Amino acid sequence: FAQIKSIGSPKIKNYPKSEYNAGTQNWAISQDKNGFMYFANNDGVLRFDGLHWDLTEVSLASPVRSILVDSNSSIYIGIFNDFGILKQNASGPPFFQSLRHLLPDNNISFDDIWKIYEIPQGIVFQSFDYLFLLNNNKIEVIIPETKFQFSFNVNGRLFVHEPEVGLFEYINGNINKVPWADELKNTEIWTIVEIRDNHLLIGFIAIIVVAGLGHV
C-alpha cells in the first residue's frame, strides 16, 4: 500500500554503467533522425540503437562534455580546449575530426565546451571563456565582458548569461544586453523557455521571472 502507483506513471528503464560499459558520467544527449541516441560520456561518445551500446573514444585526456546532432545529421562534440565533428568511416569506426584549425587564432586556449546549439546563423560552441560560431567553414569568436556561465537556445534565439553583468542575446553578429539585463545580475539562471510571443519564462535559484518585451 505504501508503493507509488504505477497507473499514469511513465515507463522508465535504467541502464547501469555495467550495461553500457563506459564512464560513470554522461553530460549531454542528442538524437539523430533514425532515432539513435548519442551521449557525451567521460570515456567518449556513446551511441545507443535501442539494443546495443557502442563507444567511440575521442580524447584520452578529456571527457566529452557536449554533443549535438544537427539538422543535417552531422554530429558535433565538445571537449576541453577543442571541438569538432564525429566523422563516419566506411571502413572502420567513427573518428573525431577537430575544427580548431578554423579558428582565426589557433593559439586560443579555453576550457571545456559545455553547450552546442544549432541556430539559424550556424553552430554555436559555448565555453566559459568564448562563444564560437561555425558557419560556412569559418568560425567567429565572441568574447564575454567577464565570463559566460549558462547559455540557452530558445526557438533559434541564443541567450547567454554573464552573472556579473546580466543576460545577453546574440543578434546580427553581436551579443546585446537584453533591456532588463541588470535585473539578472548576480543570479544563476538555469532555464529559459518561451511561454508566448515575446514572453520568456526564466528560472533561477528560488525565483521565477516572467519577462515581457522591454521589461521584467
Side-chain angles (χ1 to χ4, degrees), residues 25-30 40-42 58-59 61-68 70 76-85 98-135 138-194 200-211 214-216:
Q25 291 173 298
N26 294 284
W27 298 95
I29 306 171
S30 194
N41 182 269
N42 275 0
V58 174
S59 169
S62 171
V64 177
R65 297 294 198 187
S66 52
I67 191 163
L68 170 76
D70 75 354
Y76 295 94
I77 58 179
I79 59 177
F80 181 82
N81 202 34
D82 204 354
F83 52 88
I85 300 178
S98 173
L99 294 173
R100 274 197 66 103
H101 64 283
L102 297 177
L103 289 170
D105 178 3
N106 200 37
N107 293 318
I108 290 177
S109 294
F110 48 92
D111 59 315
D112 293 279
I113 297 293
W114 289 102
K115 299 289 184 180
I116 307 175
Y117 302 113
E118 182 178 20
I119 61 174
Q121 297 87 349
I123 304 297
V124 176
F125 303 87
Q126 185 241 319
S127 73
F128 293 143
D129 302 312
Y130 300 98
L131 288 177
F132 302 105
L133 177 65
L134 172 67
N135 187 24
K138 294 182 179 180
I139 293 179
E140 175 189 359
V141 180
I142 300 169
I143 303 172
E145 289 186 26
T146 55
K147 205 171 188 68
F148 294 129
Q149 190 179 41
F150 296 124
S151 58
F152 309 90
N153 181 4
V154 184
N155 298 331
R157 298 169 64 186
L158 177 65
F159 293 91
V160 60
H161 186 223
E162 293 187 46
E164 296 179 13
V165 185
L167 186 67
F168 294 78
E169 181 177 3
Y170 178 85
I171 302 174
N172 297 327
N174 297 295
I175 55 169
N176 302 286
K177 270 189 179 182
V178 299
W180 25 267
D182 290 344
E183 300 289 337
L184 298 171
K185 284 183 180 179
N186 302 314
T187 62
E188 191 170 293
I189 297 175
W190 285 90
T191 185
I192 302 179
V193 295
E194 187 173 55
L200 304 175
L201 183 66
I202 302 172
F204 48 97
I205 294 177
I207 300 175
I208 294 178
V209 171
V210 177
H215 65 278
V216 175

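Note that this is a predicted model, so its numbers are computed, not measured. No hydrogens, no waters, no symmetry mates; every other heavy atom, side chains included, goes into these values. Numbers here are sequence positions counted from 1.
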Trainee: Considering only heavy atoms from C-beta outward, does the side chain of Leu99 approach that of Tyr76 to under 4.5 Å?
Mentor: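 Yes - at least one pair of side-chain heavy atoms lies under 4.5 Å apart.
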
Trainee: Considering all heavy atoms of both residues, which atom of Pro120 and which atom of Gly156 are nearest to each other, and what is their separation?
Mentor: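 So the two residues come closest at CD-O, 3.3 Å.
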
Trainee: Phe83 vs Phe110 aromatic rings, parallel, tilted or perpendicular, using cut-offs 30° and 60°?
Mentor: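 Taking Phe110 first and then Phe83, their aromatic rings sit tilted (interplane angle of 30° to 60°).
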
Trainee: Going through the distances and angles, do Asp129 and Lys147 end up as a side chain to side chain contact (heavy atoms under 4.5 Å, CB included)?
Mentor: CA-CA 6 Å; Asp129 302 312; Lys147 205 171 188 68; 2.8 Å; yes

Trainee: Nearest 0.5 Å, what's the CG-CG distance between Asn41 and Asn26?
Mentor: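 Rounded to the nearest 0.5 Å, the CG-CG separation comes to 4.5 Å.
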
Trainee: From Asn106 CG over to Ile139 CD1, what is the distance, rounded to the nearest 0.5 angstrom?
Mentor: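 One gets 9.5 Å once the value is rounded to the nearest 0.5 Å.
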
Trainee: Do Leu68 and Glu118 have side-chain heavy atoms sitting under 4.5 Å apart?
Mentor: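 Answer yes - side chains close enough.
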
Trainee: Suppose we screen for side-chain contact (heavy atoms from CB on, under 4.5 Å). Which residues come up paired with Asp82, at least two apart in sequence or across chains?
Mentor: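 So Asp82 forms a side-chain contact (heavy atoms from CB on, under 4.5 Å) with Ile79, Phe96, Ser98, Arg100.
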
Trainee: Check whether any side-chain heavy atom of Leu167 lies under 4.5 Å from a side-chain heavy atom of His161, and answer yes or no.
Mentor: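 In short, these two side chains touch, coming nearer than 4.5 Å.
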
Trainee: Which heavy atom in Val154 sits nearest to a heavy atom in Ile192, and how many Å separate them?
Mentor: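 Where Val154 meets Ile192 most closely, the heavy atoms are CG2-O, 3.6 Å.
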
Trainee: When you compare the side chain of Asn153 with that of Val124, does any pair of heavy atoms fall below 4.5 Å?
Mentor: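 They are not in contact (no side-chain heavy atoms under 4.5 Å apart), so the answer is no.
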
Trainee: Can you name the nearest heavy-atom pair linking Ala40 to Ser66, along with the distance?
Mentor: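 Nearest pair, atom of Ala40 first, then Ser66: CB-N, 3.7 Å.
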
Trainee: Does the side-chain hydrogen bond (donor to acceptor under 3.5 Å, both in side chains) test come out yes or no for Gln126 and Ser151, once each step is laid out?
Mentor: CA-CA 8 Å; Gln126 185 241 319; Ser151 58; 2.6 Å; yes

Trainee: Check step by step if side chain to side chain contact (heavy atoms under 4.5 Å, CB included) holds for Glu188 and Phe150.
Mentor: CA-CA 8 Å; Glu188 191 170 293; Phe150 296 124; 4.0 Å; yes

Trainee: Is there side-chain contact between Leu158 and Leu131, with heavy atoms separated by less than 4.5 Å?
Mentor: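 SC-SC contact between Leu158 and Leu131 confirmed.
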
Trainee: I need the Phe148 CZ to Ile142 CD1 distance, nearest 0.5 Å.
Mentor: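 It is 6.5 Å, given to the nearest 0.5 Å.
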
Trainee: Checking Tyr130 now: which residues fulfil ring-ring contact (aromatic ring centres under 6.0 Å, His included) with it, not counting sequence neighbours?
Mentor: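 Tyr130 satisfies ring-ring contact (aromatic ring centres under 6.0 Å, His included) with Phe132 only.
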
Trainee: Indicate the atoms forming the closest heavy-atom contact of Ser62 with Phe80, along with that distance.
Mentor: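 Looking at all heavy atoms of both residues, the closest pair is OG-N, 3.0 Å.
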
Trainee: Taking the side chain as every heavy atom from C-beta outward, state whether Asp112 and Trp27 have any atom pair closer than 4.5 Å.
Mentor: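 SC-SC contact between Asp112 and Trp27 ruled out.
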
Trainee: What distance separates Arg157 CZ from Leu200 CG, expressed to the nearest 0.5 Å?
Mentor: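 Atom-to-atom, Arg157:CZ and Leu200:CG are 5.5 Å apart.
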
Trainee: Can you check side chain to side chain contact (heavy atoms under 4.5 Å, CB included) on Phe168 and Asn174, steps first, answer last?
Mentor: CA-CA 9 Å; Phe168 294 78; Asn174 297 295; over 6 Å; no

Trainee: More than 12 non-hydrogen atoms from neighbouring residues, nucleotides or ligands closer than 6.0 Å to CG on Asp105, yes or no?
Mentor: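 More than 12 heavy atoms, drawn from other residues, nucleotides or ligands, come within 6.0 Å of this atom.
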
Trainee: Would you give the length of the straight line joining atom CZ of Phe159 to atom CD1 of Ile202, rounded to the nearest 0.5 angstrom?
Mentor: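 It is 7.5 Å, given to the nearest 0.5 Å.
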
Trainee: Do Ile175 and Glu162 have side chains that approach each other closer than 4.5 Å (heavy atoms only, starting at C-beta)?
Mentor: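 In short, these two side chains touch, coming nearer than 4.5 Å.
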
Trainee: Could you walk me through whether Glu140 and Gln121 satisfy the side chain to side chain contact (heavy atoms under 4.5 Å, CB included) test, starting with their C-alpha distance in whole Å, then the side-chain angles of each, then the deciding distance to 0.1 Å, before giving a yes or no?
Mentor: CA-CA 11 Å; Glu140 175 189 359; Gln121 297 87 349; over 6 Å; no

Trainee: Could you check if a side-chain atom of Ile189 sits within less than 4.5 angstrom of a side-chain atom of Gln149, using non-hydrogen atoms only?
Mentor: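 In short, these two side chains do not touch, never coming nearer than 4.5 Å.
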
Trainee: Return the minimal non-hydrogen interatomic distance between Ile113 and Gly78, and the atom names on each side.
Mentor: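 Closest heavy-atom pair between Ile113 and Gly78: CB-CA, 3.7 Å.
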
